[in-house]
**Student:** 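Please see the structure below; I have some questions.
Note that the structure is predicted; figures quoted are calculated from it, not measured.
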Amino acid sequence: MKKVFIETYGCQMNVYDTELIRGILAQHGDVAFVDDEASADVVLLNTCAIRENAHVKVYNRLEQLKPRKRKGKLKAIGILGCMAQSLRKSLPDDEPMVDIFAGPDAYKRLPSMLELAVGEDAQATDFSLSEYETYSDVAPSRIPGVNAWIAIMRGCDNFCTFCVVPYTRGRERSRTLQSVVDEAREAVQSGYKQITLLGQNVNSYRTEGHDFADLMAALGELRGLERVRFTSPHPKDFPLRLLEVMGRYENLCKHIHLPLQSGSDSVLERMNRTYTREEYLSLVAQIRATLPGVSLTTDAICGFCGESEADFDETYQVMQQVGFDAAFIFKYSERNQTVASRKYADDVPEGIKTERVMRLNALQRRVSLARNRLEIGTEHRVLVERASKKNEHDWFARADHFKGVVFSSHDAQPGDIVRVRIDEAYSNTLRGTELPG
Ligand code: 5AD
Ligand code: SF4
(Lines give C-alpha, C1' and ligand atoms only; values in the text may rest on other atoms or scores of the structure.)
(Ligands and ions follow the chains in the order given, each with its own letter.)
Protein backbone atom coordinates (compact mmCIF):
# COMPACT_ATOMS: atom_id res chain seq x y z
CA MET A 1 0.00 0.00 0.00
CA LYS A 2 1.49 3.36 -1.06
CA LYS A 3 0.55 6.35 1.03
CA VAL A 4 -0.01 9.27 -1.32
CA PHE A 5 -0.24 12.96 -0.46
CA ILE A 6 -1.42 15.31 -3.21
CA GLU A 7 -0.91 19.06 -2.92
CA THR A 8 -2.79 21.36 -5.31
CA TYR A 9 -1.63 24.73 -6.64
CA GLY A 10 -3.39 27.11 -9.02
CA CYS A 11 -6.98 27.32 -10.17
CA GLN A 12 -10.21 25.46 -9.47
CA MET A 13 -9.63 23.34 -12.57
CA ASN A 14 -6.56 22.00 -10.78
CA VAL A 15 -8.59 21.30 -7.65
CA TYR A 16 -10.95 19.25 -9.80
CA ASP A 17 -8.03 17.55 -11.57
CA THR A 18 -6.69 16.48 -8.18
CA GLU A 19 -10.07 14.85 -7.52
CA LEU A 20 -9.79 13.06 -10.87
CA ILE A 21 -6.25 11.94 -10.02
CA ARG A 22 -7.49 10.58 -6.69
CA GLY A 23 -10.26 8.78 -8.57
CA ILE A 24 -7.80 7.27 -11.06
CA LEU A 25 -5.32 6.13 -8.40
CA ALA A 26 -8.04 4.76 -6.11
CA GLN A 27 -9.44 2.63 -8.95
CA HIS A 28 -6.11 0.87 -9.22
CA GLY A 29 -6.06 -0.19 -5.58
CA ASP A 30 -2.90 -0.26 -3.49
CA VAL A 31 -2.95 3.46 -2.62
CA ALA A 32 -4.19 5.26 0.48
CA PHE A 33 -4.48 9.04 0.57
CA VAL A 34 -2.96 10.86 3.53
CA ASP A 35 -3.32 14.47 4.64
CA ASP A 36 0.27 15.42 5.25
CA GLU A 37 3.60 14.77 3.69
CA ALA A 38 5.18 13.50 6.93
CA SER A 39 3.35 10.18 6.67
CA ALA A 40 3.45 9.90 2.85
CA ASP A 41 5.51 7.54 0.66
CA VAL A 42 4.66 9.56 -2.42
CA VAL A 43 4.09 13.32 -2.71
CA LEU A 44 2.42 14.58 -5.88
CA LEU A 45 2.39 18.33 -6.55
CA ASN A 46 -0.39 19.32 -8.94
CA THR A 47 1.13 22.52 -10.25
CA CYS A 48 0.27 25.79 -11.98
CA ALA A 49 2.20 27.86 -14.52
CA ILE A 50 0.06 30.97 -14.88
CA ARG A 51 2.59 33.38 -13.34
CA GLU A 52 6.23 32.98 -12.35
CA ASN A 53 5.35 32.98 -8.64
CA ALA A 54 3.36 29.76 -9.21
CA HIS A 55 6.64 28.12 -10.26
CA VAL A 56 8.56 29.66 -7.38
CA LYS A 57 6.17 28.11 -4.84
CA VAL A 58 6.77 24.66 -6.30
CA TYR A 59 10.57 25.04 -6.37
CA ASN A 60 10.47 26.07 -2.71
CA ARG A 61 8.30 23.10 -1.86
CA LEU A 62 10.68 20.75 -3.65
CA GLU A 63 13.58 22.00 -1.55
CA GLN A 64 11.58 21.17 1.59
CA LEU A 65 10.81 17.67 0.32
CA LYS A 66 14.27 16.72 -0.89
CA PRO A 67 15.87 15.94 2.53
CA ARG A 68 13.20 13.25 3.22
CA LYS A 69 13.70 11.86 -0.28
CA ARG A 70 17.47 11.68 0.26
CA LYS A 71 16.97 9.77 3.50
CA GLY A 72 14.76 7.28 1.66
CA LYS A 73 11.70 8.14 3.77
CA LEU A 74 9.93 9.52 0.73
CA LYS A 75 9.87 7.00 -2.14
CA ALA A 76 8.73 9.26 -4.94
CA ILE A 77 7.98 12.88 -5.77
CA GLY A 78 5.80 13.84 -8.73
CA ILE A 79 5.24 17.14 -10.52
CA LEU A 80 1.91 17.08 -12.31
CA GLY A 81 -0.12 19.61 -14.24
CA CYS A 82 0.62 22.89 -15.92
CA MET A 83 4.15 23.61 -14.68
CA ALA A 84 5.30 20.11 -15.64
CA GLN A 85 3.79 20.55 -19.09
CA SER A 86 5.18 24.04 -19.55
CA LEU A 87 8.74 23.06 -18.54
CA ARG A 88 8.66 19.60 -20.11
CA LYS A 89 11.89 20.12 -22.01
CA SER A 90 14.03 21.10 -19.03
CA LEU A 91 12.41 20.04 -15.76
CA PRO A 92 13.24 16.30 -15.77
CA ASP A 93 16.95 17.08 -16.24
CA ASP A 94 16.92 20.04 -13.86
CA GLU A 95 15.19 18.06 -11.11
CA PRO A 96 16.74 14.58 -11.02
CA MET A 97 15.26 13.90 -7.57
CA VAL A 98 11.74 14.15 -8.98
CA ASP A 99 10.46 10.79 -10.20
CA ILE A 100 7.19 11.52 -11.99
CA PHE A 101 6.30 14.25 -14.49
CA ALA A 102 2.81 14.21 -15.98
CA GLY A 103 0.95 16.86 -17.97
CA PRO A 104 -2.81 17.52 -17.59
CA ASP A 105 -3.84 14.95 -20.21
CA ALA A 106 -1.63 12.12 -18.90
CA TYR A 107 -3.32 11.29 -15.59
CA LYS A 108 -4.67 7.92 -16.65
CA ARG A 109 -1.09 6.71 -16.86
CA LEU A 110 -0.31 7.73 -13.27
CA PRO A 111 -0.87 4.27 -11.71
CA SER A 112 1.77 2.69 -13.98
CA MET A 113 4.08 5.70 -13.66
CA LEU A 114 3.87 5.36 -9.89
CA GLU A 115 4.78 1.66 -10.10
CA LEU A 116 7.79 2.48 -12.23
CA ALA A 117 8.96 5.37 -10.08
CA VAL A 118 8.62 3.51 -6.78
CA GLY A 119 9.72 0.07 -7.99
CA GLU A 120 12.64 0.86 -10.23
CA ASP A 121 13.70 4.29 -9.07
CA ALA A 122 13.48 5.57 -12.65
CA GLN A 123 12.01 8.87 -13.88
CA ALA A 124 8.59 8.42 -15.48
CA THR A 125 7.42 11.19 -17.81
CA ASP A 126 4.32 11.75 -19.93
CA PHE A 127 3.70 15.10 -21.59
CA SER A 128 1.34 13.98 -24.30
CA LEU A 129 -1.56 16.37 -24.90
CA SER A 130 -4.76 14.94 -26.33
CA GLU A 131 -7.48 16.40 -28.52
CA TYR A 132 -10.02 14.03 -26.98
CA GLU A 133 -9.26 13.31 -23.34
CA THR A 134 -12.02 14.74 -21.14
CA TYR A 135 -11.85 12.21 -18.26
CA SER A 136 -15.63 11.83 -18.60
CA ASP A 137 -15.24 8.17 -17.71
CA VAL A 138 -13.40 8.88 -14.45
CA ALA A 139 -15.36 9.29 -11.23
CA PRO A 140 -13.69 12.09 -9.26
CA SER A 141 -12.92 11.32 -5.64
CA ARG A 142 -14.26 14.57 -4.23
CA ILE A 143 -13.12 16.48 -1.20
CA PRO A 144 -16.12 16.69 1.18
CA GLY A 145 -17.87 20.07 1.32
CA VAL A 146 -20.89 21.89 -0.04
CA ASN A 147 -19.51 22.53 -3.53
CA ALA A 148 -18.69 19.99 -6.24
CA TRP A 149 -16.43 21.15 -9.07
CA ILE A 150 -17.24 19.81 -12.53
CA ALA A 151 -15.02 20.52 -15.54
CA ILE A 152 -17.31 20.70 -18.58
CA MET A 153 -14.47 21.23 -21.03
CA ARG A 154 -10.69 21.16 -21.09
CA GLY A 155 -7.99 23.12 -22.90
CA CYS A 156 -8.22 26.52 -24.52
CA ASP A 157 -8.15 27.82 -28.10
CA ASN A 158 -8.29 31.53 -27.32
CA PHE A 159 -4.56 32.21 -27.34
CA CYS A 160 -4.61 35.43 -25.36
CA THR A 161 -1.04 36.49 -25.98
CA PHE A 162 -0.10 36.66 -22.28
CA CYS A 163 -1.46 33.23 -21.34
CA VAL A 164 0.34 29.92 -21.08
CA VAL A 165 -2.79 27.77 -20.72
CA PRO A 166 -3.24 26.85 -24.43
CA TYR A 167 0.29 25.41 -24.23
CA THR A 168 -0.16 23.58 -20.93
CA ARG A 169 -3.69 22.28 -21.39
CA GLY A 170 -3.82 21.90 -25.15
CA ARG A 171 -6.80 22.17 -27.50
CA GLU A 172 -10.31 22.92 -26.41
CA ARG A 173 -12.71 19.98 -26.08
CA SER A 174 -16.14 19.69 -24.45
CA ARG A 175 -17.73 16.83 -22.57
CA THR A 176 -21.19 15.68 -23.60
CA LEU A 177 -24.14 17.44 -21.99
CA GLN A 178 -25.41 14.12 -20.68
CA SER A 179 -22.14 13.27 -18.93
CA VAL A 180 -22.12 16.64 -17.16
CA VAL A 181 -25.77 16.34 -16.09
CA ASP A 182 -25.13 12.79 -14.85
CA GLU A 183 -22.13 13.94 -12.85
CA ALA A 184 -24.17 16.81 -11.38
CA ARG A 185 -26.96 14.39 -10.42
CA GLU A 186 -24.47 12.06 -8.72
CA ALA A 187 -23.00 15.03 -6.83
CA VAL A 188 -26.50 16.00 -5.61
CA GLN A 189 -27.17 12.39 -4.57
CA SER A 190 -23.90 12.43 -2.59
CA GLY A 191 -25.12 15.50 -0.69
CA TYR A 192 -23.48 18.42 -2.54
CA LYS A 193 -25.72 21.49 -2.57
CA GLN A 194 -23.84 23.46 -5.20
CA ILE A 195 -21.92 22.67 -8.34
CA THR A 196 -19.43 24.96 -10.06
CA LEU A 197 -18.90 24.35 -13.77
CA LEU A 198 -15.35 24.89 -14.94
CA GLY A 199 -13.87 25.72 -18.30
CA GLN A 200 -11.30 28.13 -19.71
CA ASN A 201 -14.09 29.68 -21.75
CA VAL A 202 -17.48 28.18 -20.93
CA ASN A 203 -19.14 30.09 -23.77
CA SER A 204 -17.32 28.01 -26.32
CA TYR A 205 -18.78 24.82 -24.80
CA ARG A 206 -20.19 22.86 -27.78
CA THR A 207 -21.36 19.30 -27.96
CA GLU A 208 -23.71 17.38 -30.26
CA GLY A 209 -25.83 20.39 -31.12
CA HIS A 210 -25.85 21.83 -27.59
CA ASP A 211 -24.19 24.95 -26.19
CA PHE A 212 -23.53 26.32 -22.72
CA ALA A 213 -26.99 27.90 -22.39
CA ASP A 214 -28.54 24.46 -23.09
CA LEU A 215 -26.36 22.92 -20.40
CA MET A 216 -27.35 25.60 -17.89
CA ALA A 217 -31.03 25.08 -18.73
CA ALA A 218 -30.66 21.32 -18.18
CA LEU A 219 -29.05 21.98 -14.78
CA GLY A 220 -31.73 24.54 -13.96
CA GLU A 221 -34.21 21.67 -14.24
CA LEU A 222 -32.23 19.26 -12.06
CA ARG A 223 -34.22 18.48 -8.92
CA GLY A 224 -32.38 18.92 -5.62
CA LEU A 225 -29.58 21.01 -7.10
CA GLU A 226 -29.68 24.18 -5.01
CA ARG A 227 -27.02 26.23 -6.76
CA VAL A 228 -25.10 26.30 -10.01
CA ARG A 229 -22.07 28.53 -10.54
CA PHE A 230 -19.65 28.69 -13.43
CA THR A 231 -16.29 30.16 -14.28
CA SER A 232 -15.23 31.70 -16.61
CA PRO A 233 -17.01 33.12 -19.63
CA HIS A 234 -15.07 35.18 -22.20
CA PRO A 235 -16.50 38.65 -22.91
CA LYS A 236 -16.05 38.17 -26.67
CA ASP A 237 -18.94 35.70 -27.06
CA PHE A 238 -21.44 36.10 -24.23
CA PRO A 239 -24.87 35.24 -25.65
CA LEU A 240 -28.08 36.99 -24.58
CA ARG A 241 -29.76 33.58 -24.46
CA LEU A 242 -27.46 32.53 -21.61
CA LEU A 243 -28.56 35.58 -19.60
CA GLU A 244 -32.19 34.71 -20.28
CA VAL A 245 -31.65 31.13 -19.12
CA MET A 246 -29.90 32.41 -15.98
CA GLY A 247 -32.88 34.64 -15.29
CA ARG A 248 -35.36 31.81 -15.75
CA TYR A 249 -34.06 29.40 -13.08
CA GLU A 250 -33.68 30.28 -9.43
CA ASN A 251 -30.86 27.80 -8.83
CA LEU A 252 -28.59 29.42 -11.46
CA CYS A 253 -26.63 31.92 -9.37
CA LYS A 254 -26.72 35.56 -10.40
CA HIS A 255 -23.00 36.11 -10.41
CA ILE A 256 -20.76 36.46 -13.44
CA HIS A 257 -16.99 36.48 -13.36
CA LEU A 258 -16.12 38.41 -16.51
CA PRO A 259 -12.36 38.89 -16.98
CA LEU A 260 -11.64 42.41 -18.24
CA GLN A 261 -7.80 42.14 -18.32
CA SER A 262 -7.42 45.73 -19.54
CA GLY A 263 -9.57 48.77 -20.29
CA SER A 264 -7.35 50.06 -23.09
CA ASP A 265 -8.19 49.12 -26.67
CA SER A 266 -4.58 49.02 -27.79
CA VAL A 267 -3.59 46.77 -24.89
CA LEU A 268 -6.65 44.56 -25.48
CA GLU A 269 -5.58 44.23 -29.08
CA ARG A 270 -2.03 43.26 -28.17
CA MET A 271 -3.51 40.77 -25.71
CA ASN A 272 -5.64 39.30 -28.54
CA ARG A 273 -8.76 39.61 -26.40
CA THR A 274 -10.84 40.36 -29.53
CA TYR A 275 -13.17 42.89 -27.83
CA THR A 276 -12.93 46.61 -27.26
CA ARG A 277 -13.56 48.63 -24.13
CA GLU A 278 -16.91 49.77 -25.61
CA GLU A 279 -17.97 46.21 -26.39
CA TYR A 280 -17.10 45.15 -22.85
CA LEU A 281 -19.07 48.06 -21.38
CA SER A 282 -22.11 47.37 -23.52
CA LEU A 283 -22.02 43.70 -22.50
CA VAL A 284 -21.99 44.82 -18.85
CA ALA A 285 -25.00 47.06 -19.55
CA GLN A 286 -26.84 44.19 -21.23
CA ILE A 287 -26.06 41.82 -18.34
CA ARG A 288 -27.34 44.33 -15.77
CA ALA A 289 -30.47 45.10 -17.78
CA THR A 290 -31.30 41.40 -18.17
CA LEU A 291 -30.34 40.24 -14.67
CA PRO A 292 -31.09 43.00 -12.15
CA GLY A 293 -29.09 42.54 -8.95
CA VAL A 294 -26.43 40.42 -10.66
CA SER A 295 -22.95 40.65 -9.19
CA LEU A 296 -19.93 41.07 -11.41
CA THR A 297 -16.33 40.20 -10.65
CA THR A 298 -13.28 40.41 -12.85
CA ASP A 299 -9.57 39.82 -13.45
CA ALA A 300 -7.17 42.55 -14.55
CA ILE A 301 -3.50 42.53 -15.48
CA CYS A 302 -1.21 45.50 -14.79
CA GLY A 303 1.96 46.20 -16.72
CA PHE A 304 1.38 44.15 -19.86
CA CYS A 305 3.88 44.81 -22.68
CA GLY A 306 3.75 48.44 -23.79
CA GLU A 307 1.14 49.50 -21.19
CA SER A 308 1.51 53.28 -20.85
CA GLU A 309 0.23 55.41 -18.00
CA ALA A 310 -2.66 56.44 -20.28
CA ASP A 311 -3.50 52.76 -20.99
CA PHE A 312 -3.46 52.03 -17.27
CA ASP A 313 -5.74 55.03 -16.64
CA GLU A 314 -8.26 53.54 -19.03
CA THR A 315 -8.28 50.30 -17.05
CA TYR A 316 -8.71 52.34 -13.87
CA GLN A 317 -11.63 54.24 -15.41
CA VAL A 318 -13.39 51.14 -16.69
CA MET A 319 -13.08 49.51 -13.27
CA GLN A 320 -14.47 52.65 -11.65
CA GLN A 321 -17.27 52.92 -14.18
CA VAL A 322 -18.36 49.27 -14.00
CA GLY A 323 -18.07 49.03 -10.22
CA PHE A 324 -17.21 45.36 -9.91
CA ASP A 325 -18.17 43.60 -6.71
CA ALA A 326 -14.66 42.15 -6.49
CA ALA A 327 -11.57 41.90 -8.67
CA PHE A 328 -8.38 39.88 -8.87
CA ILE A 329 -5.55 42.10 -10.00
CA PHE A 330 -2.26 40.67 -11.24
CA LYS A 331 1.14 41.90 -12.27
CA TYR A 332 1.97 40.80 -15.79
CA SER A 333 4.36 37.86 -15.72
CA GLU A 334 5.98 36.84 -19.00
CA ARG A 335 5.43 33.16 -19.79
CA ASN A 336 7.45 30.78 -21.86
CA GLN A 337 6.04 29.92 -25.33
CA THR A 338 3.36 32.63 -25.38
CA VAL A 339 2.94 35.01 -28.31
CA ALA A 340 3.68 37.98 -26.04
CA SER A 341 7.02 36.48 -25.01
CA ARG A 342 7.97 36.10 -28.67
CA LYS A 343 6.50 39.28 -30.09
CA TYR A 344 6.50 42.01 -27.44
CA ALA A 345 9.03 43.33 -24.95
CA ASP A 346 8.16 42.95 -21.27
CA ASP A 347 9.02 46.60 -20.91
CA VAL A 348 7.04 47.95 -17.95
CA PRO A 349 9.46 48.20 -15.01
CA GLU A 350 8.70 45.95 -12.04
CA GLY A 351 8.24 48.93 -9.70
CA ILE A 352 5.61 50.46 -11.98
CA LYS A 353 3.76 47.16 -12.29
CA THR A 354 3.65 46.90 -8.49
CA GLU A 355 2.50 50.47 -8.08
CA ARG A 356 -0.31 50.03 -10.66
CA VAL A 357 -1.49 46.85 -8.94
CA MET A 358 -1.59 48.75 -5.64
CA ARG A 359 -3.58 51.63 -7.17
CA LEU A 360 -6.14 49.29 -8.72
CA ASN A 361 -6.44 47.30 -5.49
CA ALA A 362 -7.01 50.50 -3.53
CA LEU A 363 -9.72 51.55 -5.99
CA GLN A 364 -11.32 48.11 -5.84
CA ARG A 365 -11.41 48.08 -2.04
CA ARG A 366 -13.34 51.37 -2.08
CA VAL A 367 -15.70 50.18 -4.83
CA SER A 368 -16.31 46.81 -3.12
CA LEU A 369 -17.02 48.55 0.18
CA ALA A 370 -19.47 50.95 -1.45
CA ARG A 371 -21.25 48.09 -3.24
CA ASN A 372 -21.33 45.94 -0.10
CA ARG A 373 -22.82 48.81 1.90
CA LEU A 374 -25.79 48.79 -0.46
CA GLU A 375 -26.58 45.34 0.96
CA ILE A 376 -27.17 46.61 4.50
CA GLY A 377 -30.79 45.93 5.46
CA THR A 378 -31.39 43.45 2.62
CA GLU A 379 -32.29 39.79 3.16
CA HIS A 380 -30.56 36.84 1.56
CA ARG A 381 -30.76 33.07 1.47
CA VAL A 382 -27.19 32.02 2.17
CA LEU A 383 -25.55 28.63 1.78
CA VAL A 384 -23.47 27.75 4.85
CA GLU A 385 -19.96 26.63 3.83
CA ARG A 386 -18.02 26.23 7.08
CA ALA A 387 -17.46 27.38 10.64
CA SER A 388 -15.85 30.80 10.77
CA LYS A 389 -12.19 30.73 11.73
CA LYS A 390 -12.44 33.63 14.13
CA ASN A 391 -15.34 32.99 16.51
CA GLU A 392 -17.09 29.96 17.89
CA HIS A 393 -20.77 29.97 16.78
CA ASP A 394 -19.91 32.11 13.76
CA TRP A 395 -20.51 30.61 10.33
CA PHE A 396 -19.26 31.55 6.88
CA ALA A 397 -21.87 31.37 4.15
CA ARG A 398 -22.34 32.72 0.66
CA ALA A 399 -25.26 34.59 -0.81
CA ASP A 400 -26.50 33.75 -4.30
CA HIS A 401 -24.38 36.58 -5.73
CA PHE A 402 -21.23 35.02 -4.20
CA LYS A 403 -20.67 37.53 -1.42
CA GLY A 404 -19.40 36.00 1.80
CA VAL A 405 -21.69 36.50 4.82
CA VAL A 406 -20.68 35.77 8.41
CA PHE A 407 -23.48 35.20 10.91
CA SER A 408 -23.85 33.71 14.31
CA SER A 409 -25.89 30.56 15.00
CA HIS A 410 -25.99 27.71 17.51
CA ASP A 411 -27.38 25.11 15.19
CA ALA A 412 -26.21 25.90 11.64
CA GLN A 413 -24.44 23.18 9.65
CA PRO A 414 -22.45 23.28 6.41
CA GLY A 415 -24.91 22.77 3.56
CA ASP A 416 -27.81 24.54 5.32
CA ILE A 417 -29.63 27.33 3.52
CA VAL A 418 -30.34 30.09 6.03
CA ARG A 419 -32.18 33.39 5.76
CA VAL A 420 -30.11 36.33 6.98
CA ARG A 421 -30.44 40.09 7.11
CA ILE A 422 -27.28 42.05 6.37
CA ASP A 423 -26.27 44.40 9.20
CA GLU A 424 -22.65 45.35 8.48
CA ALA A 425 -20.52 45.62 5.36
CA TYR A 426 -16.76 45.47 4.88
CA SER A 427 -14.80 45.50 1.64
CA ASN A 428 -14.66 41.71 1.39
CA THR A 429 -17.39 40.34 3.67
CA LEU A 430 -20.81 41.07 5.03
CA ARG A 431 -22.10 40.40 8.51
CA GLY A 432 -25.69 39.34 9.03
CA THR A 433 -28.28 38.08 11.51
CA GLU A 434 -30.14 34.82 11.11
CA LEU A 435 -33.87 35.29 10.52
CA PRO A 436 -36.49 32.76 11.58
CA GLY A 437 -37.77 30.32 8.95
N1 5AD B 1 0.57 37.34 -16.10
C2 5AD B 1 -0.29 37.84 -15.19
N3 5AD B 1 -1.56 37.42 -15.06
C4 5AD B 1 -1.99 36.45 -15.90
N5 5AD B 1 -3.20 35.85 -16.02
C6 5AD B 1 -3.10 34.95 -17.01
N7 5AD B 1 -1.88 34.94 -17.54
C8 5AD B 1 -1.16 35.89 -16.87
C9 5AD B 1 0.18 36.37 -16.96
N10 5AD B 1 1.03 35.89 -17.86
C11 5AD B 1 -4.35 36.22 -15.22
C12 5AD B 1 -5.53 36.66 -16.07
C13 5AD B 1 -6.47 35.50 -15.97
C14 5AD B 1 -6.19 34.98 -14.58
C15 5AD B 1 -6.63 33.58 -14.33
O16 5AD B 1 -4.78 35.08 -14.49
O17 5AD B 1 -6.09 37.81 -15.48
O18 5AD B 1 -7.82 35.86 -16.14
FE1 SF4 C 1 -5.05 26.55 -13.80
FE2 SF4 C 1 -3.92 28.08 -15.66
FE3 SF4 C 1 -2.58 27.50 -13.42
FE4 SF4 C 1 -3.03 25.64 -15.29
S5 SF4 C 1 -1.81 27.49 -15.53
S6 SF4 C 1 -3.30 25.42 -13.07
S7 SF4 C 1 -5.05 26.21 -16.04
S8 SF4 C 1 -4.44 28.70 -13.55
**Student:** Taking atom types as modelled, is there a side-chain donor on Asp182 or Ser179 under 3.5 Å from an acceptor on the other?
**Tutor:**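 Asp182 vs Ser179: no donor-acceptor pair found between side chains.
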
**Student:** Return the minimal non-hydrogen interatomic distance between Val43 and Ala40, and the atom names on each side.
**Tutor:**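 What the structure gives for the nearest pair is CG2-CB, 4.2 Å.
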
**Student:** Do you see a donor-acceptor pair shorter than 3.5 Å between the side chains of Glu172 and Ser204?
**Tutor:**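 Note: Glu172 and Ser204 side chains meet the donor-acceptor criterion.
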
**Student:** Sub-3.5 Å donor-acceptor pair from the side chain of Gln85 to the main-chain atoms of Ala102, do we have one?
**Tutor:**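 Looks like no, no N/O pair under 3.5 Å.
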
**Student:** Counting N and O atoms only, with roles assigned by atom type, does the side chain of Thr168 sit under 3.5 Å from a partner on the main chain of Ser86, one being a donor and the other an acceptor?
**Tutor:**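 It does not hold such a pair.
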
**Student:** Answer with yes or no whether the side chains of His28 and Glu115 bring together a donor and an acceptor at under 3.5 Å.
**Tutor:**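 No, because no side-chain N or O of Glu115 sits under 3.5 Å from a partner of the opposite role on His28.
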
**Student:** Would you please indicate if the ring centroids of Tyr167 and Phe159 are separated by under 6.0 Å?
**Tutor:**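 Ring centroids of Tyr167 and Phe159 are less than 6.0 Å from each other.
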
**Student:** Run the ring-centre check on Phe396 versus Phe407 and record whether the distance is less than 6.0 Å.
**Tutor:**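 No - the distance between ring centres of Phe396 and Phe407 does not fall below the 6.0 Å cut-off.
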
**Student:** Would you check if there is a donor-acceptor pair between the side chains of Ser90 and Asp93 at a distance under 3.5 Å?
**Tutor:**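 No, because no side-chain N or O of Asp93 sits under 3.5 Å from a partner of the opposite role on Ser90.
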
**Student:** Output yes when a side-chain donor or acceptor of Tyr316 lies under 3.5 Å from a complementary backbone atom of Gly263, and no otherwise.
**Tutor:**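 Such a contact is absent between Tyr316 side chain and Gly263 backbone.
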
**Student:** Would you say Ser308 and Asp311 are linked by a side-chain donor-acceptor pair, where the criterion is simply a distance under 3.5 Å?
**Tutor:**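 Short answer, yes.
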
**Student:** Take Leu20 and Tyr107 through the side-chain contact (heavy atoms from CB on, under 4.5 Å) test and state the conclusion after the steps.
**Tutor:** CA-CA 8 Å; Leu20 289 177; Tyr107 298 149; 5.5 Å; no

**Student:** Just by distance, with hydrogens left out, do Lys236 and Asn203 show a side-chain donor and acceptor under 3.5 Å apart?
**Tutor:**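 Not at all, the side chains of Lys236 and Asn203 share no donor-acceptor pair under 3.5 Å.
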
**Student:** Between Phe330 and Arg51, is there a cation-pi geometry (under 6.0 Å to ring centre, at most 45° from the normal)?
**Tutor:**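 Relative to the ring axis of Phe330, which defines the angle, Arg51 lies inside both limits.
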
**Student:** State which residue, out of Thr297, Val294, Asp400, fulfils the side-chain contact (heavy atoms from CB on, under 4.5 Å) condition with His255.
**Tutor:**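 One option only clears the test, and that one is Thr297.
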
**Student:** Looking at Glu52 and Lys57, does any basic side-chain N land under 4.0 Å from a carboxylate oxygen?
**Tutor:**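 No salt bridge links Glu52 with Lys57.
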
**Student:** Decide side chain to side chain donor-acceptor pair (under 3.5 Å) for Gln178 and His210; before the verdict, give the C-alpha distance in whole Å, the side-chain angles of both, and the deciding distance to 0.1 Å.
**Tutor:** CA-CA 10 Å; Gln178 197 55 52; His210 297 298; over 6 Å; no

**Student:** Below 4.0 angstrom, N of the basic side chain to O of the carboxylate: do Arg109 and Asp126 qualify?
**Tutor:**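 Yes, this pair counts.
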
**Student:** Would you call Glu131-Arg173 a salt bridge at under 4.0 Å N-O?
**Tutor:**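 Not counted as a salt bridge, because no side-chain N and carboxylate O are separated by less than 4.0 Å.
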
**Student:** Does a donor on one side chain and an acceptor on the other come within less than 3.5 Å for Ser174 and Thr207?
**Tutor:**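 Side chains of Ser174 and Thr207: no pair found under 3.5 Å.
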
**Student:** Verify, without hydrogens or angle tests, whether Asn372 (side chain) and Tyr426 (backbone) share a donor-acceptor contact under 3.5 angstrom.
**Tutor:**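 Checking the backbone N and O of Tyr426 against the side chain of Asn372, a donor-acceptor pair under 3.5 Å is found.
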
**Student:** Is it the case that Arg277 places NZ or CZ above or below the six-membered ring of Tyr280, under 6.0 angstrom from the centre and within 45 degrees of the axis?
**Tutor:**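 Judged by the rule (NZ or CZ under 6.0 Å from the ring centre, within 45° of its axis), Arg277 is not positioned above Tyr280.
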
**Student:** For the backbone of Ser333 and the side chain of Arg335, can you confirm whether one donor and one acceptor N or O come within less than 3.5 Å of each other?
**Tutor:**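 No.
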
**Student:** Counting only pairs under 3.5 Å, give me each side-chain donor-acceptor contact of residues 411-418, with atom names and distances, residues two or more places apart or in other chains.
**Tutor:**
residue, atom, partner, partner atom, Å
Asp411, OD1, Ser409, OG, 3.2
Asp416, OD2, Gln413, N, 2.9

**Student:** Would you call Lys66-Glu95 a salt bridge at under 4.0 Å N-O?
**Tutor:**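 Looking at Glu95 together with Lys66, the answer is yes, because their closest N to O distance falls below 4.0 Å.
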
**Student:** Assess whether a salt bridge exists between Asp325 and Arg371, defined as any Lys/Arg side-chain N lying under 4.0 Å from an Asp/Glu carboxylate O.
**Tutor:**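 Answer for the salt bridge query: yes.
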
**Student:** Would you call Glu309-Arg356 a salt bridge at under 4.0 Å N-O?
**Tutor:**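 Looking at Arg356 together with Glu309, the answer is yes, because their closest N to O distance falls below 4.0 Å.
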
**Student:** Between Ser264 and Ser262, does a side chain to side chain donor-acceptor pair (under 3.5 Å) hold up when you go through it step by step?
**Tutor:** CA-CA 6 Å; Ser264 147; Ser262 170; 4.6 Å; no

**Student:** Apply side-chain contact (heavy atoms from CB on, under 4.5 Å) to the pair Asn158 and Asn272, showing each step before the final yes or no.
**Tutor:** CA-CA 8 Å; Asn158 285 329; Asn272 189 33; over 6 Å; no

**Student:** Can you list the steps and then say if Arg61 with Glu37 is a salt bridge (charged side-chain N to carboxylate O under 4.0 Å, His left out)?
**Tutor:** CA-CA 11 Å; Arg61 196 71 177 98; Glu37 99 240 17; 2.7 Å; yes

**Student:** Test the Arg88-Phe127 pair against the cation-pi criterion, namely NZ or CZ under 6.0 angstrom from the six-membered ring centroid and within 45° of the ring axis.
**Tutor:**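 So Arg88 doesn't make the cation-pi contact.
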
**Student:** For residues 33-81, which residue pairs qualify under ring-ring contact (aromatic ring centres under 6.0 Å, His included), counting only residues two or more places apart or in two chains?
**Tutor:**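 Non-adjacent pairs meeting ring-ring contact (aromatic ring centres under 6.0 Å, His included): zero.
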
**Student:** Under 3.5 Å, is there a donor on one side chain and an acceptor on the other for Gln200 and His234?
**Tutor:**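 Side-chain D/A pair, Gln200 to His234: absent.
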
**Student:** Can any side-chain N or O of Ser141 pair as donor or acceptor with the backbone N or O of Gly23 at less than 3.5 Å?
**Tutor:**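 The answer is no, because no donor-acceptor pair under 3.5 Å joins these two groups.
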
**Student:** Using modelled atom types and a 3.5 Å cut-off, is there a donor and acceptor pairing between side-chain atoms of Gln27 and backbone atoms of Val138?
**Tutor:**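 No: the side chain of Gln27 does not pair with the backbone of Val138.
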
**Student:** For Ala117, check side-chain contact (heavy atoms from CB on, under 4.5 Å) against everything at least two apart and list the hits.
**Tutor:**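 For Ala117, the residues satisfying side-chain contact (heavy atoms from CB on, under 4.5 Å) (neighbours in sequence not counted) are Ala76, Asp99, Ile100.
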
**Student:** Can you see which heavy atom on Ser408 is nearest to which on Asp394, and at what distance?
**Tutor:**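 Closest heavy-atom pair between Ser408 and Asp394: CB-OD1, 3.4 Å.
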
**Student:** Tyr135 and Glu133: side-chain donor and acceptor closer than 3.5 Å?
**Tutor:**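 Side-chain D/A pair, Tyr135 to Glu133: absent.
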
**Student:** Is the closest side-chain donor-acceptor distance between Thr354 and Lys331 under 3.5 Å?
**Tutor:**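 Lys331 and Thr354 do have a side-chain donor-acceptor pair below 3.5 Å.
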
**Student:** Could you verify whether a donor N or O on one side chain and an acceptor N or O on the other, from Asn14 and Thr8, lie under 3.5 Å apart?
**Tutor:**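 No pair is found: no donor N or O on one side chain lies under 3.5 Å from an acceptor on the other.
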
**Student:** Just by distance, with hydrogens left out, do Glu226 and Asn251 show a side-chain donor and acceptor under 3.5 Å apart?
**Tutor:**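 No - no donor-acceptor pair under 3.5 Å links their side chains.
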
**Student:** Compute whether any side-chain donor of one residue and acceptor of the other, for Arg175 and Ser136, lie under 3.5 angstrom apart.
**Tutor:**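 The answer is yes; a qualifying pair exists.
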
